[in-house]
Amino acid sequence: MSPVLALVGATGAVGTVMIDIINGRPSVPWGEIRLIASPRSAGKKITVRGEELTVVALSPEAFDGVDVAMFDVPDEVSAEWAPIAAARGAVAVDNSGAFRMDPEVPLVVPEVNADQISVRPKGIIANPNCTTLSMMAALGALHREFGLRELVVASYQAASGGGQAAIDRLYGELEALAGKEVGVRAGDVREALEAANLPVSDSPFPAPLALNVVPWAGSLKDDGWTSEELKVRNESRKILGIPDLKVSATCVRVPVVTTHSLAVHATFAREVTVEQAHKIFEAQPSIVLVDDPAAKKFPTPADVVGEDPTYVGRVRQALDFPNTLDFFVCGDNLRKGAALNTYEIAEELANRL
Ligand code: 11C
């Protein structure tokens, strides 16, 4: 019998991208797809692969007969409901941060550590944070050949990582500032936003995002680090299977709607030439290499949004650091960074059921 797939959070931002991804697959292995959401959204009709489905309310019974349950919901909802789905016999594939660092929950990027999928004592598999995920295909492929030792990254994160309210805020700020000569004097962007009744105190971001960059994502953790920076460190170590990997990250929000970018400075056990790195990237189906500096060709979020692969460019051998490459990656944070990777894990599970 064909397996049953459930999507929890079907009406949310990532859930909507998930349905788009399912609709775009040439074929799917599922005998039934069940859409689950909060009682507020229950009864809503959504067309999936040509069939109109009715969203059902989240309840223990909603998981009866389900083989794989994908969760695109906030941490606290996953923390409560993924174990319930697992207890009812489903494998929960969770896109929240609730279980990522649980030693009994694998943290999976299929092209890097698909072998981990079969080791899931809690019946839960975690999907990484979109920032970590955006560089994993590239780093995993290089690590297999050259042995990653150290990682220094700066992120350039899109507003949509913060959800719909964050997207709305960026559009609102851009509209309020359009046509104004601001960004020429300290504080004038804030003042213009206040005059437009958009004070920063009402924003999901701790500073203006339009015409600005904001060196902050997530919440404050020990010693000045943010939760996002610690996720990059801890999740990279777990996915790559390098518990002592040296990692330092600075996470920055930029006025981009969707697609996270990262400047990566990666040190390996052995020398890696640009040509070798290019060959490795070209051989990886989930990577598109765009790296022609003479023609000024490189990935940018505006050219990558909506795409499934990770785009890589600006590959350089570091001049002053042995065995070190610098490169730039862009990945759609809602697709490979969230919905697509979760769905790829689910399909991998379906192949193994
Ligand atoms: C952001 N990366 O850009 C975050 C969003 O742990 O899944 C995803 C948070 C997470 O704000």
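Counting starts at 1 for both ligands and their atoms, following the listed order. Numbering starts at 1 and runs along the sequence shown.
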Student: Relative to the heavy atoms of Lys231, which atoms of ligand 1 are at a distance of less than 4.0 Å?
Tutor: 6 (O), 9 (C), 10 (C)
Student: In Å and rounded to the nearest 0.5 Å, what is the CZ to CG distance from Phe298 to Asp292?
Tutor: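 It comes to 10.5 Å.
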Student: Please name all residues satisfying ring pair (Phe, Tyr, Trp, His ring centres under 6.0 Å) with Phe146, sequence neighbours left out, ordered by chain then number.
Tutor: none
Student: Does only the side chain of Arg253 get under 4.0 Å from ligand 1, or the backbone, or both, or neither? Count heavy atoms.
Tutor: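 Near ligand 1, Arg253 shows its side chain, while the N, CA, C and O stay back.
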Student: Under 4.0 Å from any heavy atom of Cys130, which atoms of ligand 1 are there?
Tutor: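 Close to Cys130: 2 (N), 4 (C), 5 (C), 8 (C).
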Student: Any nitrogen or oxygen of Ala217 lying under 3.5 Å from a nitrogen or oxygen in ligand 1? Just yes or no.
Tutor: no
Student: For Phe71 and Phe63, take the angle between the two ring planes, folded into 0 to 90°, and tell me which bin it lands in: parallel under 30, tilted 30 to 60, perpendicular over 60.
Tutor: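 Plane angle under 30°, so parallel.
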Student: Less than 4.0 Å is my threshold; does some heavy atom of Gly97 fall inside it relative to ligand 1?
Tutor: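 Contact check Gly97 vs ligand 1: negative.
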Student: Taking 4.0 angstrom as the limit and counting only heavy atoms of Glu228, give me the atoms of ligand 1 inside it, by number and element.
Tutor: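 Atoms satisfying the 4.0 Å criterion: 1 (C), 2 (N), 3 (O), 4 (C).
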Student: Enumerate the atoms of ligand 1 whose separation from the nearest heavy atom of Gln157 is less than 4.0 angstrom.
Tutor: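 Answer, ordered by atom number: 1 (C), 2 (N), 3 (O).
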Student: If you count the atoms of ligand 1 from 1 in the order shown, which ones are under 4.0 Å from a heavy atom of Thr131?
Tutor: 2 (N)
Student: Give the residue, atom name and distance (to 0.1 Å) of the protein heavy atom nearest atom 7 (O) of ligand 1.
Tutor: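 Nearest protein contact, heavy atoms only, for atom 7 (O) of ligand 1 is Arg100 NH2, 2.7 Å.
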Student: Among all protein heavy atoms, pick out the one at the shortest distance from atom 5 (C) of ligand 1; state its residue, atom name and that distance to 0.1 Å.
Tutor: Gly161 O, 3.1 Å
Student: Starting from atom 9 (C) of ligand 1, find the nearest protein heavy-atom neighbour and note its residue, name and distance.
Tutor: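 Here the closest protein heavy atom is Asn129 OD1, 3.7 Å.
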Student: Looking at Glu145 and Lys279, is there a salt bridge between them, counting it only when a charged N and a carboxylate O are closer than 4.0 Å?
Tutor: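 A salt bridge is absent here (no side-chain N lies under 4.0 Å from a carboxylate O).
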Student: Between Asp303 (side chain only) and Pro299 (backbone N and O only), is there a donor and an acceptor less than 3.5 Å apart?
Tutor: no
Student: Kindly give the heavy-atom pair with the smallest separation between Ala350 and Trp30, and that separation in Å.
Tutor: CB-CH2, 3.5 Å
Student: Show me the pairs that pass salt bridge (charged side-chain N to carboxylate O under 4.0 Å, His left out) and involve residues 187-216, at least two apart or across chains.
Tutor: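 Sorted result for residues 187-216: Arg185-Glu191.
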Student: Before accepting this row, confirm whether a basic side-chain N of the pair Asp326/Arg314 lies closer than 4.0 Å to the acidic partner's carboxylate O.
Tutor: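 No, this pair does not count.
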